[in-house]
Amino acid sequence: MPLSVPTSGRVHLLNDVSPRPGGRYVLYWAQVNRRIDSNHALAFAAHFANRLRLPVLFYEGLTCSHPHANDRFHSFILEGVPDNVKRAAVLGIGYVFYLRRKQTDPDDIVYRLAADAAAVVTDDYPGYLTRERNLRIPPALGIPCYAVDASCIVPMGHFTKQEYAAYTIRPKIHRVLREHLRPVPPLRLKTRWTEPAPAFHTRVTPDRIPDLLASSEIDHSVAPSVEFRGGRDEAKRRLRYFLTHNLKRYARLSREPSARATSQLSPYLHFGHISSLEVALAVRDYAAKHKLIAAEFLELLIVRRELAFNFARFGPSPDSLGALPAWAQATLQKHARDRRKPAYSRRQLEQAETYDPLWNATQRELLRDGLIQGYYRMYWGKKIIEWCASPQEALEIMIGLHDRYALDGRDPNTYANILWCFGLHDRPWAERHVFGAVRYMSLQGMQRKTDVDAYVRQMNKA
DNA sequence: ATCGGCTCGCGCAA
DNA sequence: TGCGCGAAGCCGAT
């Protein structure tokens with residue numbers, strides 16, 4: 001069946017079968033983009049459903065068997081559910097959430113929901129788990145299954161290879177940005193969802209979240225973030241606050257962590273509670289209206305972020321030094337046996353027990369809030385390289401700490417940021433101990449350029 | 001306070 | 001084939 005819907009390189013058919021006759025809905029399986037609005041994937045599902053005169057069912061799940069499942073990640077996702085329930089009801093979209101509380105619970109929800117569906121739409125996302133599921137599950141469903149890139153502004157599919165650095169992808173993005181920097185059209189469902197939610201739907205209200213966490217077989221030793229509550233309403237509130245308070249001083253203070261001038265939206269982008277597209281549009285429009293320059297912020301949000309997605313899609317697995325450019329691999333290898341002084345263990349680093357008060361403060365921010373201020377995260381990573389027995393161990397520790405504590409852990413953006421510390425998307429500099437030609441960063445430099453004392457005080461106070 | 005050198009390789013101009 | 005230049009720098013010379 002030909003589809004007259006705009007796809008513009010965002011949509012890929014994952015299998016080759018016809019819609020099931022008698023299917024009762026089109027299923028959107030939200031693996032990544034846990035939101036109703038500004039979601040190209042759900043918009044595609046709605047177009048498809050309208051053509052078939054069917055309603056849409058939105059499904060998101062949460063499992064205990066997910067690596068590093070803990071109270072921090074679970075609470076953030078659970079906090080987002082009530083917003084989606086409300087919004088789905090307003091638009092006439094079916095909504096089902098399923099929390100697997102035991103590691104032994106069945107993993108068959110998407111199969112059960114697909115059994116009554118005419119077609120399935122899900123996220124095209126360059127993370128290992130999503131890629132693996134999108135290869136494994138669609139062939140077993142027997143109905144058309146589409147993967148839609150709802151994460152990037154310029155679709156990842158626009159590019160044909162791994163880009164070398166920001167300067168190679170930047171002109172390619174700007175050449176087509178205008179046509180992609182447009183709002184996702186509002187959802188209009190011709191057929192509303194009228195059935196009750198399936199019996200396995202997990203009801204989530206704020207007062208039930210503590211019980212849902214306690215009854216889940218997850219790691220309870222990582223507490224919810226002190227700073228970040230999950231959910232779309234909270235994401236939009238933070239975006240609003242960024243526009244009114246920080247956009248105008250972003251260019252001046254984005255590299256002054258103690259000023260807290262950044263958007264701090266990465267947890268919400270990571271869990272899909274907000275889209276980079278709507279953030280970009282809001283920032284662009286607010287800047288135009290108030291005569292502000294937003295170029296620095298948009299460079300990060302669009303060019304740097306989408307370079308990271310390009311790396312995740314086309315590059316080798318980001319958990320190995322093999323993902324680095326040849327010059328970086330060679331120079332780190334050459335210095336792999338350089339003496340480290342001091343040398344810290346993973347445990348010492350995790351507990352923020354180094355001699356360096358700035359580094360300890362950044363690590364405490366990660367432990368407590370689940371996010372490190374962007375500029376200091378680079379310093380955090382550089383020091384781990386300096387203090388670890390080998391670059392491979394440093395990489396494992398950095399990824400491990402993010403996997404366990406960071407609300408933007410496992411995001412393409414985060415992997416790219418971590419690997420940047422090892423030379424990815426960067427260039428060589430003067431040869432030195434341990435780092436070779438990889439860019440070095442020093443406490444002295446941080447003290448010269450930022451208010452280290454103010455930041456350390458902030459972290460100690462809390 | 002400011003400046004140049006460090007060092008590689010991509011992409012484009014020629 | 002040559003040339004310019006690049007995510008957040010460092011360091012020593014002036």
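Predicted model only: the values in this text are computed from it and were never measured. Lettering of chains follows the sequences in order, A, B, ..., and the numbering in each one begins at 1.
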Colleague: Round to the nearest Å and state the distance from A/His433 atom NE2 to C/dC10 atom C1'.
Modeller: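 About 16 Å, once rounded to whole Å.
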Colleague: Please tell me which of the listed nucleotides, C/dA8, B/dC8, C/dC10, lies nearest to the side chain of A/Pro428?
Modeller: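 Given the options C/dA8, B/dC8, C/dC10, the side chain of A/Pro428 is closest to B/dC8.
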Colleague: Whole angstroms only, please: what is the CG-C1' distance between A/Asn417 and C/dA8?
Modeller: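 Checked: the CG to C1' distance equals 10 Å.
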Colleague: Rounded to whole Å, how long is the line connecting atom CZ of A/Arg170 with atom P of B/dG11?
Modeller: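 These atoms are roughly 13 Å apart.
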Colleague: In whole angstrom, give me the gap between the C1' atoms of B/dG4 and C/dC5.
Modeller: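 The same atom, C1', in both gives a distance of 16 Å.
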Colleague: Across all strands shown, which nucleotide pairs with B/dA13 by Watson-Crick or G-U wobble geometry, both distances under 3.5 Å?
Modeller: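 Partner of B/dA13: C/dT1.
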Colleague: Say we look at C/dA8 and B/dG11: how far apart would their C1' atoms be, to the nearest angstrom?
Modeller: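 Result for the C1' pair: 24 Å, nearest Å.
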Colleague: When rounded to the nearest Å, what value does the distance between P atoms of B/dT7 and C/dG12 take?
Modeller: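 The answer is 15 Å between these two P atoms.
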Colleague: Any luck finding a side-chain donor-acceptor pair between A/Tyr405 and A/Glu350 under 3.5 Å?
Modeller: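 Distance-only check passes for A/Tyr405 and A/Glu350.
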Colleague: Over how many whole Å does the gap from A/Met441 atom CE to C/dA7 atom P extend?
Modeller: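 Rounded to whole Å, this separation is 15 Å.
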Colleague: Measure from the side-chain heavy atoms of A/Leu300 and tell me the nearest of B/dG9, C/dC11, C/dA7.
Modeller: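 Out of B/dG9, C/dC11, C/dA7, the nucleotide with an atom closest to A/Leu300's side chain is C/dA7.
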Colleague: With distance as the sole criterion, is a donor-acceptor pair present between the side chains of A/His158 and A/Arg175 under 3.5 Å?
Modeller: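 No donor-acceptor contact under 3.5 Å links the two side chains.
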Colleague: Between B/dG9 atom P and A/Glu163 atom CD, what is the distance in whole Å?
Modeller: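 It works out to 17 Å between those atoms.
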Colleague: Given B/dC10, C/dC10, B/dG11, which nucleotide is nearest the side-chain atoms of A/Lys161?
Modeller: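 Nearest listed nucleotide: B/dG11.
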Colleague: For C/dA8, which nucleotide in any strand shown is its Watson-Crick or wobble partner with both distances under 3.5 Å?
Modeller: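 Because no pair has both required distances under 3.5 Å, C/dA8 counts as unpaired.
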Colleague: Which value, in whole Å, describes the distance between the P atoms of nucleotides C/dA7 and B/dC12?
Modeller: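 Approximately 15 Å lies between the P atom of C/dA7 and that of B/dC12.
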Colleague: Figure out the OH/P separation between A/Tyr167 and B/dG9, and round it to whole Å.
Modeller: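 Answer to the nearest Å: 10 Å.
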Colleague: Classify A/Ala165 by what it touches in the nucleic acid, base, sugar-phosphate, or nothing, heavy-atom distance under 4.0 Å.
Modeller: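 Nothing, no nucleic acid heavy atom in range.
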Colleague: Describe the nucleic acid contact of A/Trp429 in one word from base, sugar-phosphate, nothing, applying a heavy-atom distance below 4.0 Å.
Modeller: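 A/Trp429: base contact, heavy atoms under 4.0 Å.
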Colleague: Using atom CD of A/Gln373 as one end and atom P of C/dA7 as the other, report the distance to the nearest whole Å.
Modeller: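 My rounded result for the distance is 22 Å.
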Colleague: Is the phosphate of C/dA7, meaning OP1 or OP2, less than 4.0 Å from a side-chain N or O of A/Arg255?
Modeller: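 False: A/Arg255 side-chain N/O out of range (4.0 Å or more) of C/dA7 OP1/OP2.
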Colleague: Any side-chain donor-acceptor pair under 3.5 Å between A/Asn246 and A/Arg249?
Modeller: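 Yes, side-chain donor-acceptor contact under 3.5 Å.
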Colleague: Counting the atoms with a prime plus P, OP1 and OP2 as sugar-phosphate, which does A/Tyr164 contact under 4.0 Å by heavy atoms, base, sugar-phosphate, or nothing?
Modeller: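 Sugar-phosphate only.
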Colleague: Checking A/Ser65 against A/Gln103: is there a side-chain donor and acceptor pair closer than 3.5 Å?
Modeller: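 Side-chain D/A pair, A/Gln103 to A/Ser65: absent.
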Colleague: So what does A/Arg448 touch, heavy atoms closer than 4.0 Å: a base, only the sugar-phosphate, or nothing?
Modeller: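 Sugar-phosphate, no base atom in range.
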Colleague: Please determine, for the side chain of A/Thr168, which listed nucleotide (B/dG11, C/dC11, C/dA8) has the closest atom?
Modeller: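 Out of B/dG11, C/dC11, C/dA8, the nucleotide with an atom closest to A/Thr168's side chain is B/dG11.
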Colleague: Classify the nucleic acid contact of A/Glu299 as base, sugar-phosphate or nothing, counting any heavy atom under 4.0 Å across all strands shown.
Modeller: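 No contact at all - A/Glu299 keeps every heavy atom at 4.0 Å or more from the nucleic acid.
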Colleague: Given C/dA7, B/dT7, C/dC11, which nucleotide is nearest the side-chain atoms of A/Ser442?
Modeller: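 Nucleotide nearest to A/Ser442's side chain: C/dC11.
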Colleague: Tell me the interatomic distance from A/Leu332, atom CG, to B/dC8, atom P, rounded to whole angstroms.
Modeller: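 Whole-Å distance recorded here is 13 Å.
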Colleague: Can A/Asp408 and A/His270 be counted as having a side-chain donor-acceptor contact under 3.5 angstrom?
Modeller: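 Absent: no donor and acceptor within the cut-off.
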Colleague: Kindly state whether the ring of A/Phe48 and the ring of A/Tyr146 have centres lying under 6.0 angstrom apart.
Modeller: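 Yes: the rings meet the under 6.0 Å criterion.
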